[in-house]
Amino acid sequence: MKIKLKSIFIYMLTAYFLFGIHYYSSNVGGRGLYLPYNIIGWVFISILIGISFFKIYIDKQFVYSKIQILIFIGCLFLVLPIFYQNNELQSYSIYPMVFLGGGFLFFSSLLQFNFSKIDKLNLLYIILIGIGVESIIGIVQYYGIGFDNYFIFQKKPLPYGTFQQRNVMASFMATGTGICLFLLNKDQLITTLKPKRILIYTVTLFSSILIIALQSNTGLIAFLIVILFQIHKIKIQNNIYKNFFLFMISGLLIGYLSPQIMPKLDLAKTRSSVERINSGSIRFELYDITLDLWKENLISGIGYSNFSKKFREEIASRNKNKKDVNPSILSQHWGHPHNEILLWVSEGGVSPLIGFIILLLSYLMMISRYKIKENILLIAILFPIFFHNQLEFPFRISLAHWIVFLIIIYVSHNEKLLKYKLKNVKGMIIIGSIIPIVCLFYMIATFQKLKILDQFEKSDMKDYKLLLDIENPGPLHIKYDNYILKGLLDLGTKTNDKNALNMYLNKADNFIKRSPNPHIYKGMAQAYRSLGDKDGMVNIINESAYLFPILSTNSNWVYFALKEIGNDSKAKQLLEKLKIHDPVLYKKINNYHLLKNKILE
């Protein structure tokens, strides 16, 4: 029975990487459970967790390690700030906590099976199968050799696979290349098993092509580091290494030359060095501002889920006080500082920082039992995803990245396993059944809600009856609340329904605490106007001009609104700033500056 459960676990994990991470269906975009492959993914992961509880039941023991206990303590420090008094948006903070808890349970599930060294290598091969399939999808997208009637295989200038984001795809490909080289170093059976070599060389070739095609700074840096960190173990006289570098270099050359030799394919234009440098400088400024936010709230942080609002207020304050802020930062909406650790620390204060230090020390203790040369190999294959997390938020877009990250950490785990004997194990069957069942029903409900939102968007956001089928949007609250607000505003302005307008203002005031988007402020100005509340309209327009001092396609209404309330000098000031930052938008707005009532368009 033990062997059977272990096999079922492996088969289910393989099914996830072979099918689950590549699932695609029409969606509204975004991250987390807005993306169907994450919904499907959690079903697979919950089943895997459930299987581990059945393993505990059969063995009548719980397997754990001292490192796991440290990891658990670290996670507790991450969760603690959700109970702080400044956590006004607590109900919206629960989802990251469930994500964290699910990851810990999955890691604990791996420990229950006490996989051998060979088993651990096979786990990496399973990951490689998933990366291989994703790389094939990317190649099909890049060269336009798929089916035009199925979106995921349609031609894409930037082949992001099913992830819908190029940097996420790039770090996945860099991880694949690193695992390929790692397996060449560690798998002693590689020379005798041809299918393994074919898998490794195929992934190496395709991932190398895509690393260039995706034009991702994150991916390129991770790709180089993952090779350099393993180069000390390479025996170049060995044919398997010669073949690896042959496929890798061929892939890089194909990726580089493709836009030049195949212009008819309409491949993406190469990013200029200026664009790449600007991308990096914006991130560094984001980090600097976020660190200042944390310093102002060192102990308790700004509160979980408060980043978007507090960050907008911070950059607006800096701009008002004549401090230099990159116009690209001022003109865009930011819901994340593009660094996962900084987000947790800025929102949660010292507690998450302690948690991350404990987690880092846990990992260092884990790999310290290996020789230094082995340490570097393990760090190498973990590096692309870890590095990406310091520049963006891959875990929030791709569950697969989180699971791969945890599996790689588990592969590094060589601590002595401890066993806690259980006298009463009947509860394990209940838990092992409840987790996947509850998750399945929850994900089915979420998927149905996502489909309704998608249908609503396809109706040009006019068929509001569709939204009545959603009683509780759950993790889809941002999009759902957005559409409800739009419905209330449309109803109120078109029928002069004061109740609808007042309801809009109340809900909008709550919404901007989570997500201060320019179009919501625009709607509030329209609502005040329709209610005849001139003071309210003037106040919200002036607040918008303060919060969004650099106009964008989403906030250009502020210029016309200022002119409408007679604040021509402020409107002119915003337009002059735009002339330097975005000349194209400047000309577009300037050509229409004589139009009245632009706020209503």
Side-chain angles (χ1 to χ4, degrees), residues 117-132 134-135 170-191 193 196-212 214 216-253 255 360 363-364 366-391 394 401 404-414:
K117 289 183 179 180
I118 294 176
D119 290 333
K120 288 181 177 181
L121 293 181
N122 287 334
L123 291 178
L124 294 179
Y125 277 110
I126 291 171
I127 292 173
L128 209 56
I129 290 171
I131 295 174
E134 197 64 30
S135 71
S171 63
F172 207 53
M173 293 301 106
T175 300
T177 306
I179 290 175
C180 286
L181 189 52
F182 181 87
L183 289 170
L184 289 178
N185 284 320
K186 303 297 289 184
D187 189 355
Q188 297 178 357
L189 301 176
I190 192 73
T191 55
L193 295 173
K196 286 185 175 182
R197 296 198 304 277
I198 291 174
L199 174 63
I200 286 174
Y201 296 146
T202 301
V203 172
T204 301
L205 175 66
F206 288 169
S207 62
S208 298
I209 294 173
L210 293 171
I211 280 292
I212 300 298
L214 289 162
S216 163
N217 289 347
T218 302
L220 282 170
I221 294 171
F223 184 86
L224 291 172
I225 295 297
V226 84
I227 299 297
L228 288 174
F229 274 28
Q230 299 188 73
I231 206 163
H232 63 281
K233 294 286 285 186
I234 293 171
K235 300 175 182 177
I236 200 62
Q237 67 272 19
N238 194 318
N239 284 334
I240 58 172
Y241 293 107
K242 288 181 181 178
N243 291 335
F244 171 83
F245 281 101
L246 175 64
F247 281 103
M248 186 189 79
I249 294 170
S250 298
L252 295 174
L253 288 173
L360 177 61
Y363 179 71
L364 293 177
M366 191 188 302
I367 64 172
S368 66
R369 297 183 180 276
Y370 294 97
K371 294 179 180 178
I372 186 66
K373 290 184 177 181
E374 301 299 318
N375 284 346
I376 297 175
L377 292 182
L378 294 168
I379 292 171
I381 57 175
L382 194 66
F383 179 81
I385 296 177
F386 175 80
F387 177 64
H388 190 185
N389 255 295
Q390 311 318 306
L391 300 173
H401 279 64
V404 169
F405 190 79
L406 292 171
I407 291 175
I408 292 174
I409 290 177
Y410 172 72
V411 168
S412 307
H413 186 281
N414 66 341

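Just so it is clear, the model here is predicted, and its values are computed rather than measured.
- With rounding to the nearest 0.5 angstrom, the CZ atom of Arg197 is 10.5 Å from the CG atom of Asp187.
- Ser412 approaches Ile367 most closely through the heavy-atom pair CB-CG2, 4.0 Å.
- To the nearest 0.5 Å, atoms NZ (Lys120) and CG (Asn414) are separated by 6.5 Å.
- Annotation: Ile236, atom CD1; neighbour count of heavy atoms from other residues, nucleotides and ligands within 6.0 Å is above 12.
- Of the possible polar contacts, none joining the Ser250 side chain to the Phe247 backbone as a donor-acceptor pair under 3.5 Å is found.
- We find the CD1-CD1 distance between Ile240 and Ile190 to be 6.5 Å, quoted to the nearest 0.5 Å.
- At least one donor-acceptor pair under 3.5 Å links the side chain of Asn243 to the backbone N or O of Asn239.
- Annotation: side chain of Phe182 is not in contact with side chain of Val226 (no heavy-atom distance under 4.5 Å).
- Geometrically, Lys235 does not engage Tyr241 in a cation-pi contact, judged by NZ or CZ lying under 6.0 Å from the ring centre and within 45° of the ring axis.
- Here the side chains of Ile381 and Leu377 are not in contact, with every heavy-atom distance at 4.5 Å or above.
- Pairs of residues two or more places apart, or lying in two chains, that qualify as side chain to side chain donor-acceptor pair (under 3.5 Å) and include a residue from residues 171-182 are Ser171-His388, Ser171-His401, Thr177-Ser207.
- A heavy-atom distance below 4.5 Å is found between the side chains of Ile212 and Leu220.
- Other residues, nucleotides and ligands place more than 12 heavy atoms under 6.0 Å from the CD atom of Gln237.
- Taking all atoms of both residues into account, the shortest heavy-atom contact from Phe223 to Ala174 is N-CB, 3.8 Å.
- To the nearest 0.5 Å, atoms CD1 (Ile200) and CD1 (Ile179) are separated by 10.0 Å.
- Remark: Ile376 CD1 to Lys233 NZ distance equals 10.5 Å, nearest 0.5 Å.
- Leu205 places none of its side-chain heavy atoms less than 4.5 Å from the side chain of Tyr201.
- The side-chain heavy atoms of Phe244 and Ile234, taken from C-beta on, include no pair separated by under 4.5 Å.
- Side-chain contact check for Phe405 versus Asn389: every heavy-atom pair is 4.5 Å or farther apart.
- The heavy-atom pair separating Met248 from Ile227 by the smallest distance is SD-CD1, 3.9 Å.
- Atom CG of Leu391 and atom CZ of Phe386 lie 10.0 Å apart (nearest 0.5 Å).
- The closest side-chain heavy-atom distance from Tyr363 to Ile379 is below 4.5 Å.
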Step-by-step salt bridge (Lys or Arg N to Asp or Glu O under 4.0 Å) determination, Glu374 to Lys186: CA-CA 10 Å; Glu374 301 299 318; Lys186 303 297 289 184; 2.5 Å; yes
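- Within the 3.5 Å criterion, the main-chain N or O of Tyr125 finds no donor-acceptor partner in the side chain of Lys196.
- Residues Leu378 and Tyr370 meet the side-chain proximity criterion, which asks for heavy atoms closer than 4.5 Å.
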